Amino acid sequence: MKLVIAEKNIAAQKIAQLLATGKPKNDKVYNTPVYRFDVEGEEWVSMGLAGHILAPDFPDEILFDKKEGWYSLTEDGEVLNAQVPDGLARPPYDTKRKPFLANGINIKGWKVESLPYLTWAPIIKNPAEKEIIRVLKNLAKKADSVVIATDFDREGELIGSDALSCVREVAPDVPVSRARYSALIKGEVTEAFNNLVELDQNLADAGESRQYIDLIWGAVLTRYLTLAKFGGFGNVRSAGRVQTPTLALVVERERERMAFVPEDYWQIRGMAAAKGADFKINHATARFTDKDAAQTAFGHVDGVVAGTVTDVAKRSRKQQPPVPFNTTSLQAAAAAEGISPARTMRIAESLYMSGLISYPRVDNTVYPRSLDLEGIVKGLAANSPALAPVCKKVLAGPMKPTRGKTETTDHPPIHPTGQGDPTTLDSGQLKLYNLIARRFLATLMGPATIENTKVSIDVAGEPFTASGDVLVDAGFREAYPYGLKRDEQLPALDAGDVVDVHDVNLEAKQTEPPARYSQGKLVQEMEKRGLGTKSTRASIIERLYQVRYLKNDPIEPSQLGMAIVDALSQFAPRITTPEMTAELDEDMTHVAEGQDTQTHVVDHSRALLAGMLDNLIEHKDDLGEAISDAVTADARVGACPKCGKDLVMKQSAKTRGSFIGCMGWPDCDVTYPVPSGVKVSPLEGDAAVCPECGAPRIKCQPFRQKAYEQCVNPKCPTNYEPDLKVGECSVCAEAGRHGDLIAHKSEKSGKRFIRCSNYEECGVSYPLPARGKLEATGEVCEHCGAPVVVVETARGPWRICVNMDCPGKEKKEKPARGAKGAAAKGSTAKKTPAKKASSSKKTTAKKPAAKKTTSKKSSSAQ
DNA sequence: GCAAGGTC
């Protein structure tokens, strides 16, 4: 039996299909899919790994041994030594230091003083994919020969080399060869298997050097930053070859913004009307940099009510259809639609696994000739009714696909497969699927034609212009409406026409600093600078958010993020720039070409890091202080009204809950609750202090809603709301009592809720939205009998039934998510009346809970 | 409980 080892399941499956005489048989070994097939009478089996199956790490215990050398590793009685190669700077060691734990069970085992040892510590490779390794060994034992058919790149060679080392453990003598193919197509793969070669150990060593250097620098600097000022568990301050330069990009942009000096300019803008249509007009001088000139011009037109059209110019321009998606361009396009790169990859992975889209990790932007474009469009038309009309148009057209700049042959650009049922997708999946499907169709369509009309208007001797864009031929835009500017339609005008002019204003403006990065732009910038790969960029950005170096979108660095970059730029500048990656790539090339060795390259890198450690350790306290100050600054919400110290967001050690507390504690005991469901940030200047009570005023940002400002003190008169009767309690009425439903606002937490005046008896309460003026309507809900109130929101009045479990609400939800959402909601909302009711042991009180449960079940079942 | 790289 011949064993073929591929990098991933899909490749194993494809290889089987391409090489098999007849059809391959899908089989499983311990739940891992394998493919059994026949090649000219010989029995073959292919299996996919899951990327790297071994992970580099430091051994659990590294003991320093001054007799044996710089360090020795004891493991199963075996003593290994590694010497610093000649010609490399040795860090100054204190040879009297005690043994240390490199991989302590907890952070207590980490010591800044032990970092020089860690820098020179040996690295072992642990099994990371135990199931896969088990299957691999199982099959290798039975194999007469093995072919490594991982991807044709550096990491692929390393993954293959790791697999080989696993194979060797059970089959020391089995012949092993390597198949190199750069596209999963028949010609390439058969060619590769007809011309098998040896595994390129130099190339694998190059990949492994990359692993080691990343681990050493990452672990040493992360431990250093984390220990410089230990902020408690869960507060790791990470650093790395890719993440730190990426953070530095964001910090650099923020610094440019802070250093930016805005310039004043003035604009004269107004409205005009003709033939029943209103349109915008601007002074032909788009920006006046001279205030006097602007005022003079404005003086001429202020109060003037008519203008004369002097010229109408039309120009049509073509907009070319977009090129096929690769990973980066998909991430950028999805980010513009509000899906972060990391979420895009998670969703894309799920769509790929369900067979709706092609492999999502690609650089290629050129469809291979072998791709059946027409078949895919036909499949889309059949499976997506919404896309069918556009598909029809595409099929009728010449269907000449666009091409991007990057052409590789390993995988096609990201495209829909045309298979699978998109109606089963959840809303996030559907949004991304539509983007991918529509992009695919757009790449097969013609350009869009946009007609621009520029109207020149004379207003009291001052030149004004109006501009209109109209899509006259949609072309690809019919399939791909993303990022489309709205049409600015102008009425049909001719020179000499007179238009009404109104609302002309002189506006004082300032130039804007360079924009912050969006997540999409940052991914593109990383690619441009050679930072990370298509598979890692999204998760690296997510990581920077997770360790709270970054916040918001567009991306801002936190004070902590800036402090980290400052500190590392000073003491370990190499880690903060993209050059480390560039130099690493160069070293890797040398190792791959046999001009250098893994040991030399890695040790050289260790020496560079070791050379920075003295300085880092010496400045540990300065850096700890800078980090500590930055963390406080990030948590600050305002000034304490009692002692003037900073009020910051804190975590209760007991309950793990958040609260706002004074940095002066224990001398000052001022605390406030944190408004729930919103992101809190401080206000600046006069707005930062409440004129009524002196407590800080804060900015509250609810998820995807308008931000508002309020005083943090729930007892402040500005937060006071009188109790309001909103209806009568139906549970009490049924029990022959009278109960009023009253809306309260808790003084302690600031939360609003409705509670029956007989709450002890009936246990009836409902939550209320945190914001918006409440009004009672006296009406009850037609679905559940709970009171209906009006909440005044930023978007206008909103009539709601106060019952979160009301069956009338769930009808709107889609069945796939509705069932889940209803169940989750039900469990929390049901609790309030039911739990309270059982504690007061009133049988009548159980009724509403039971009723709710049944109505919910019926509604989620539909 | 440290990185970056694969992929599930």
Side-chain angles (χ1 to χ4, degrees), chain A residues 6-12 31-33 48-58 60 101-112 114-115 118-119 121 123 125 128-132 150-151 153-163 204 206-227 230 232-247 327 345-346 348-350 352-354 359-362 410-411 526 530-544 546-547 575 580-581 584-585 588 605 609:
Chain A
E7 185 158 320
K8 46 193 165 269
N9 180 46
I10 186 205
N31 279 330
T32 297
L49 306 174
H52 297 104
I53 54 173
L54 301 181
D57 206 347
F58 302 110
D60 275 349
L101 280 176
N103 255 358
I105 298 305
N106 60 45
I107 201 156
K108 286 174 194 159
W110 295 13
K111 292 264 187 296
V112 166
S114 69
L115 292 178
L118 191 66
T119 308
I123 292 173
K125 292 198 117 175
E129 297 287 341
K130 295 210 171 99
E131 265 310 299
I132 298 274
T150 47
D151 292 359
D153 53 29
R154 197 167 65 208
E155 295 298 328
E157 209 71 11
L158 171 58
I159 290 164
S161 165
D162 286 347
E208 203 171 54
S209 313
R210 195 271 314 148
Q211 281 190 324
Y212 291 180
I213 290 170
D214 282 343
L215 174 65
I216 295 162
W217 281 73
V220 167
L221 292 176
T222 299
R223 287 182 187 196
Y224 172 78
L225 292 171
T226 304
L227 296 174
F230 184 51
F233 295 101
N235 287 302
V236 168
R237 321 281 184 216
S238 65
R241 175 178 56 85
V242 178
Q243 62 167 266
T244 305
T246 303
L247 172 63
T327 303
M345 294 318 285
R346 282 191 291 270
E349 183 69 30
S350 74
Y352 160 65
M353 282 297 158
S354 337
Y359 189 67
R361 285 179 285 270
V362 289
D410 46 358
H411 299 281
M526 289 172 77
L531 293 171
T533 73
K534 56 187 181 295
S535 314
T536 58
R537 289 182 198 117
S539 61
I540 280 164
I541 295 174
E542 200 172 52
R543 169 93 188 137
L544 291 172
Q546 199 207 328
V547 294
I575 196 76
M580 181 166 172
T581 296
L584 180 70
D585 278 337
M588 297 309 93
S605 188
L609 176 60

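The model shown is predicted, which means the values in this text are computed figures rather than measured ones. The chains referred to below are lettered A, B, ... by the order of the sequence lines, with proteins before strands, and numbering in each begins at 1.
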Nucleotide [N], atom [atom2] - distance to [atom1] of [X] in whole Å:
X	N	atom1	atom2	value
A:Leu531	B:dA3	CG	C1'	14 Å
A:Ile10	B:dT7	CD1	P	10 Å
A:Leu215	B:dG6	CG	C1'	16 Å
A:Gln243	B:dA4	CD	P	5 Å
A:Tyr212	B:dC2	OH	C1'	17 Å
A:Lys534	B:dA4	NZ	P	17 Å
A:Glu155	B:dG5	CD	C1'	5 Å
A:Ile540	B:dC2	CD1	C1'	14 Å

Taking the basic N atoms (NZ, or NE/NH1/NH2) and the acidic carboxylate oxygens, is any pair closer than 4.0 Å for A:Lys8 and A:Asp151? yes
Determine, for A:Arg154 against A:Asp585, whether the closest basic-nitrogen to carboxylate-oxygen distance falls under 4.0 angstrom. yes
Quiz item: Which is it for A:Gln211 and A:Leu215 under the side-chain contact (heavy atoms from CB on, under 4.5 Å) test, yes or no, and what are the steps along the way?
Solution: CA-CA 6 Å; A:Gln211 281 190 324; A:Leu215 174 65; over 6 Å; no
Of all the choices, [options], which nucleotide is nearest to the side chain of [X] once you look at every atom?
X	options	value
A:Arg241	B:dC2, B:dG6, B:dG5	B:dG5
A:Asp214	B:dA4, B:dG6, B:dC2	B:dA4
A:Asp151	B:dC2, B:dG5, B:dT7	B:dT7

Which part of the nucleic acid, if any, lies within reach of [X] when heavy atoms closer than 4.0 Å are counted: base, sugar-phosphate only, or nothing?
X	value
A:Thr533	sugar-phosphate
A:Gly51	base
A:Arg361	base
A:Thr536	base
A:Tyr359	sugar-phosphate
A:Gly532	sugar-phosphate

For this session: Check step by step if side-chain contact (heavy atoms from CB on, under 4.5 Å) holds for A:Leu49 and A:Ile159.
Result: CA-CA 9 Å; A:Leu49 306 174; A:Ile159 290 164; 3.6 Å; yes
Nearest-nucleotide check on DNA chain B, A:Arg543 vs A:Ile53; residue mapping nearer the 5' end is A:Arg543
Walking DNA chain B from its 5' end, the first of A:Glu349 and A:Pro245 to be reached, judged by nearest nucleotide, is A:Pro245
**Request:** Would you check if the side chain of A:Thr536 reaches a backbone N or O of A:Gly532 as a donor-acceptor pair within less than 3.5 Å?
**Result:** no
So, does A:Ser535 get its side chain near the phosphate of B:dG6, meaning an N or O under 4.0 Å from OP1 or OP2?
yes
For A:Ile216 and A:Phe58, the nearest pair of non-hydrogen atoms, with its separation, is CA-CZ, 4.3 Å
Mind running side-chain contact (heavy atoms from CB on, under 4.5 Å) on A:Gln243 and A:Leu531 for me, showing each step along the way?
CA-CA 8 Å; A:Gln243 62 167 266; A:Leu531 293 171; over 6 Å; no
Those stems involving DNA chain B that have three or more consecutive Watson-Crick or G-U pairs, both distances under 3.5 Å, are none
| said: Can you confirm whether the side chains of A:Thr581 and A:Arg241 place a donor and an acceptor under 3.5 Å from each other? | reply: yes
